[in-house]
Peer 1: 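Below you'll find the structure I mean.
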Amino acid sequence: MNGKVIVITSGKGGVGKTTATANIGTALAMDGNKVVLIDADIGLRNLDVVMGLENRIVYDIVDVVEEACRLEQALIKDKRTKNLHLLPAAQTRDKNAVNPAQMRNLANELRKEFDYVLVDCPAGIEQGFKNAIAGADDAVIITTPEVSAVRDADRIIGLLEVEGLKEPRVVVNRIRMEMVRRGDMMDLEDMIEILAIGLLGVVPEDEDIVVSTNRGEPVVLDPESRAGMAFHNIAQRIQGKDVPLLNLEKEKLMDRVKRIIGLS
Amino acid sequence: MNIIKKLSFKENSSKNVAKERLQFILIHDRIKLSPRELAEMKKDIISVVSKYVDVDENELEMSLQRTESNMALQANIPIRSRRN
């Protein structure tokens, strides 16, 4: 097998990298792919929590690179989705515990066994970022429709290019259509024009994300969730399928109808 | 009335403010020059140009603009008179 290694990055923190990694990974596994998620945010481990796997951690990524355990021993099987695995970050170490060469080796080991290796990148542009992107074939940039997040995304695009990741695609996360309609939030066209890169998907702001994170269950498992649907579409596009963008306006109306007739 | 209201609203809508600010910020980010270096460049340009013409330093305007695919440094240098 020669799987694809994709890094999920953003520059700015708090835009939804970890949530996106968990959901895109789960959706890819639900589509029948063998998937492993690497939490590269060493010292600020969180992907396990979003996945609801925090109680199953025995070994972590640093144990693997320091050869304190075998790679298979550190991989945690997801409890709900078949073919989905997690390699957790170390919580008590710092970003220098893994170097880019070790990360590249790790990615190359994992791509032999898995269709998709998703790397959850830490915020920032320092060593943690450099480690996380070291073994990647492709990059997905998560941003939100805010000046600071888009500025950081632009910086990241430049840094990725230097590292040979020349065609990253962007996911616009947490868009609020009612604000876009009012003219109080940048829309997709604005953001694509400014960043001048390909669009991988758009995810609406959705309370379901908060609920699903509370529970440790990725929102793609909820067939009713609009954000979940958006992440499913993103996973489809990663697999090379041509899926139209989620019609956020229409969905909104559907939701309203559902609410009125008492379905949700 | 409604249309006029809507149009004027669009002009000042906060998303357009965000977009304009962002475009300005990114032009400066992408050129990878610190504000200090930009100021030095401005000084150097003035000194070179003023070797040949009398430049009104206080009126000099320099800005970075984005064209379709490139960035351009635009300098507007008012000239007082030609030196003899």
Side-chain angles (χ1 to χ4, degrees), chain A residues 9-12 15 123-126 129 141-163 166-168 170 172-199 202 204-205 248-249, chain B residues 1-49 57-77:
Chain A
T9 181
S10 70
K12 188 179 178 300
V15 298
I125 54 174
E126 293 86 19
F129 166 77
I141 297 171
I142 312 290
T143 189
T144 60
E146 287 164 87
V147 176
S148 51
V150 178
R151 181 194 198 175
D152 290 1
D154 189 76
R155 186 80 204 282
I156 289 292
I157 293 168
L159 293 171
L160 289 172
E161 196 166 66
V162 173
E163 298 296 324
K166 299 207 187 289
E167 282 188 34
V170 68
V172 178
N173 198 16
R174 309 186 68 173
I175 201 157
R176 293 172 61 177
M177 287 317 290
E178 77 281 5
M179 291 192 75
V180 171
R181 241 175 279 131
R182 274 206 312 262
D184 278 332
M185 185 174 267
M186 284 184 282
D187 59 33
L188 285 179
E189 288 83 55
D190 296 330
M191 301 190 51
I192 295 309
E193 181 196 329
I194 289 169
L195 291 175
I197 64 169
L199 179 69
V202 52
E205 173 87 65
L248 301 171
E249 303 281 352
Chain B
M1 183 62 194
N2 219 349
I3 292 169
I4 295 165
K5 217 172 151 187
K6 240 184 179 166
L7 280 176
S8 62
F9 157 83
K10 270 226 157 134
E11 284 285 297
N12 307 315
S13 70
S14 71
K15 89 137 193 190
N16 284 337
V17 177
K19 202 175 160 186
E20 272 165 34
R21 289 179 59 217
L22 195 47
Q23 277 165 337
F24 180 81
I25 291 165
L26 291 188
I27 285 170
H28 281 261
D29 282 357
R30 284 170 186 169
I31 200 171
K32 292 192 175 74
L33 282 181
S34 68
R36 185 179 56 79
E37 289 167 320
L38 267 177
E40 276 169 16
M41 178 167 73
K42 193 169 162 179
K43 244 171 69 189
D44 287 350
I45 290 173
I46 291 171
S47 80
V48 168
V49 177
E57 275 185 47
N58 298 322
E59 294 295 308
L60 181 134
E61 278 175 32
M62 220 175 69
S63 65
L64 292 162
Q65 308 268 331
R66 197 167 71 154
T67 63
E68 263 164 47
S69 56
N70 289 306
M71 280 191 293
L73 177 71
Q74 276 195 352
N76 190 353
I77 312 173

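Basis for what follows: all heavy atoms, side chains included, without hydrogens, waters or symmetry-related copies. Just so it is clear: chains get the letters A, B, ... in the order the sequence lines come, proteins before strands, and each one is counted from 1.
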Peer 1: Can you tell me how far the CD atom of A/E193 sits from the CD atom of B/Q23, to the nearest 0.5 Å?
Peer 2: 5.5 Å

Peer 1: Is any side-chain heavy atom of A/R151 less than 4.5 Å from a side-chain heavy atom of B/R21?
Peer 2: no

Peer 1: Would you give the length of the straight line joining atom OG of B/S14 to atom CZ of A/R182, rounded to the nearest 0.5 angstrom?
Peer 2: 8.5 Å

Peer 1: Considering residues, nucleotides and ligands other than B/K43, do more than 12 of their heavy atoms fall under 6.0 Å from its NZ?
Peer 2: no

Peer 1: Who in residues 24-36 of chain B is close to chain A, using a strict under-4.5 Å heavy-atom cut-off?
Peer 2: B/I25, B/L26, B/D29, B/R30

Peer 1: Taking only residues two or more places apart in sequence or in another chain, which ones pass side-chain hydrogen bond (donor to acceptor under 3.5 Å, both in side chains) with A/S148?
Peer 2: none

Peer 1: Tell me which of these, A/V150, A/V180, A/D190, has more heavy-atom pairs under 4.5 Å with chain B than the rest.
Peer 2: A/D190

Peer 1: Just to verify, what does A/T143 make a side-chain hydrogen bond (donor to acceptor under 3.5 Å, both in side chains) with, not counting sequence neighbours?
Peer 2: none

Peer 1: Count the heavy atoms of every other residue, nucleotide or ligand shown that sit under 6.0 Å from CD of B/E57, and state whether that count exceeds 12.
Peer 2: no

Peer 1: Calculate, to the nearest 0.5 Å, the distance between atoms CE and OG belonging to A/M186 and B/S13 respectively.
Peer 2: 11.0 Å

Peer 1: Please report the interatomic distance NZ(B/K15) to CG(A/D187), rounded to the nearest 0.5 Å.
Peer 2: 4.0 Å

Peer 1: Quick one: salt bridge (Lys or Arg N to Asp or Glu O under 4.0 Å) partners of A/R176, sequence neighbours excluded?
Peer 2: A/E178

